[in-house]
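Residue numbers start from 1 in every chain, and the chains themselves are labelled A, B, ... in the order their sequence lines are given, proteins ahead of strands. Please read all numbers here as calculations on a predicted model, not as lab measurements.
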There are 2 protein chains.
Amino acid sequence: MRITTWTEYSLIISIHLAKRGRRGASPVAARELAEVERLPADYVEQILLRLRRAGIVESVRGAKGGYFLAREPGLITVRDVMAASEHQTFEMNCDTHPVDADRCSPSSACAIRPVWQGLQRRIDDFLGSVPLTELLRDEPGPELVPLTSSPASS
Amino acid sequence: MRITTWTEYSLIISIHLAKRGRRGASPVAARELAEVERLPADYVEQILLRLRRAGIVESVRGAKGGYFLAREPGLITVRDVMAASEHQTFEMNCDTHPVDADRCSPSSACAIRPVWQGLQRRIDDFLGSVPLTELLRDEPGPELVPLTSSPASS
DNA sequence: CGCACCCCGACAAGACTGGTCGGAATTCCA
DNA sequence: TGGAATTCCGACCAGTCTTGTCGGGGTGCG
């Protein structure tokens with residue numbers, strides 16, 4: 001299980017846009033953003049397309065056009081960005097890659113499904129709790145504080 | 001982000017073995033297990049191979065041979081099974097698919113890495129908290145109890 | 001000895017990832 | 001009015017991963 005470059009690049013792009021001014025300031029061209037962040041330009045364009053369709057960023061067409069965040073960075077979470085760039089955060093096998101029609105039908109008593117549901121909830125809760133603002137101060141990031149090893153008792 | 005059939009089948013297989021007796025009982029042949037669970041036989045064999053190498057199951061060769069769980073089902077977690085079948089639970093991009101040597105070097109101050117580290121910990125904690133025994137009683141599964149929506153404050 | 005079974009590497013079709021390309025539409029500016 | 005800059009968008013493509021299959025070799029029971 002891993003994060004693809006879709007999400008990784010989307011985050012880099014979103015953070016970049018969060019740093020460059022807000023709505024008022026001039027929009028950032030995809031090309032320029034890609035150069036500064038040293039990412040493949042054409043790919044960045046594709047990604048911005050997805051982010052726009054998901055409502056994470058907005059765009060201005062024509063010369064002097066470009067992109068900017070659609071909302072305040074504090075109101076956009078990593079979960080939002082990931083859900084925009086991939087089609088979801090955590091894909092539920094039972095729905096999209098069912099092992100077996102019988103076994104995976106929502107009515108059947110599958111012993112495994114609750115595990116994936118629980119996992120999905122954990123992932124969404126966590127990613128949904130990290131706003132972009134959390135990523136603007138470079139070093140610390142979200143809770144690398146003590147937090148030794150509580151036994152996952154929720 | 002999703003779970004592959006490697007893990008899904010591994011769980012089905014592990015649960016099956018947990019239900020069929022323990023060390024004392026006669027081992028279960030891969031072929032038979034595959035038939036009962038309606039999984040592709042050759043594939044099941046591949047998976048059992050991985051599970052054995054990871055120490056989740058043990059095997060008996062020759063006629064009347066087969067597989068059985070290496071440990072008590074209570075001592076094997078979903079995390080163990082997933083780590084055995086895929087090579088890890090959650091792959092850290094920074095290590096295996098670095099965006100950029102500079103950006104992703106462990107010494108550089110990457111704003112994103114802590115998010116993935118936090119996510120990894122959440123995933124491992126949760127999956128590590130679900131033993132196979134939890135999956136033997138079919139219906140309920142792990143905590144589909146109330147648990148409405150605590151704001152991911154760990 | 002023969003059968004049942006595990007062991008193991010190679011192969012392969014299809015999907016997904018990580019991009020690239022070419023061109024159309026829109027807007028600014030001289 | 002005519003570029004030039006820029007977004008918009010679908011098509012394409014190479015490489016990797018997923019999901020298996022196949023064939024043969026080892027091993028032990030009867």
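Using a 4.0 Å heavy-atom cutoff across all strands shown, B:Val28 reaches sugar-phosphate atoms only and no base atom.
With rounding to whole Å, A:Arg31 atom CZ is found 12 Å from C:dC21 atom P. Between the CH2 atom of B:Trp6 and the C1' atom of D:dT16 there is a distance of 16 Å, rounded to whole Å. Atom pair A:Met1:CE and C:dT17:C1' shows a separation of 18 Å (rounding to whole Å applied). If you take CG of A:Leu33 and C1' of D:dT6, they are 14 Å apart, rounded to a whole angstrom. The CD-P distance, from A:Glu37 to C:dG19, rounds to 15 Å in whole Å. In this structure, B:Ile3 places its CD1 atom 17 Å from C1' of C:dC16, rounding to the nearest Å. The distance between atom CD of B:Glu32 and atom C1' of C:dC6, rounded to the nearest whole Å, is 15 Å.
Proximity of B:Tyr9 to the phosphate of D:dG20: a side-chain N or O atom is located under 4.0 Å from OP1 or OP2. For B:Tyr43 and D:dT18, the shortest distance from a side-chain N or O to OP1 or OP2 is not below 4.0 Å.
Position along DNA chain D of the nearest nucleotide to A:Arg2 versus A:Glu45 favours A:Glu45 as the more 5'-ward residue. Heavy-atom nearest nucleotides on DNA chain C were determined for A:His97 and for B:Ala30, and the one closer to the 5' end corresponds to B:Ala30. Looking at which nucleotide of DNA chain C each of A:Asp42 and A:Gly62 is closest to, the 5′-most match is held by A:Asp42. Comparing B:Glu86 and B:Ala41 along DNA chain D, the residue whose closest nucleotide (by nearest heavy atom) sits nearer the 5' end is B:Glu86.
Residues B:Val81 and B:Leu136 share a single hydrophobic cluster, defined by chaining ILVMFWY side chains whose heavy atoms lie under 4.5 Å apart.
No donor-acceptor distance shorter than 3.5 angstrom exists from the side chain of B:Thr89 to the backbone of B:Arg79, with no hydrogens or angles considered. Listed for the A:Gln120 side chain is a donor-acceptor partner under 3.5 Å among the backbone atoms of A:Phe90. Side-chain N or O atoms of B:Arg52 include none that pairs as donor or acceptor with a backbone N or O of B:Tyr67 at under 3.5 Å.
Of the candidate nucleotides D:dT7, D:dT18, C:dC5, C:dC5 has the atom lying nearest to any side-chain atom of B:Ala29. When the nucleotides C:dG19, C:dC29, C:dC7 are ranked by their closest atom to the side chain of B:Tyr67, C:dC7 comes out on top.
Within residues 46-59 of chain B, the residues having any heavy atom under 4.0 Å from DNA chain C are, by residue number, B:Gln46, B:Leu49, B:Arg52, B:Arg53, B:Ser59.
Looking at A:Phe68 and A:Arg20, their side chains never come closer than 4.5 Å, going by heavy atoms from C-beta outward.
Side chain A:Arg61 to base C:dA25: a donor-acceptor pair is found below 3.5 Å.
For A:Tyr9, the ring pair (Phe, Tyr, Trp, His ring centres under 6.0 Å) test picks out A:Tyr43, with sequence neighbours left out.
Around atom NE2 of B:His87, no more than 12 heavy atoms belonging to other residues, nucleotides or ligands sit under 6.0 Å away.
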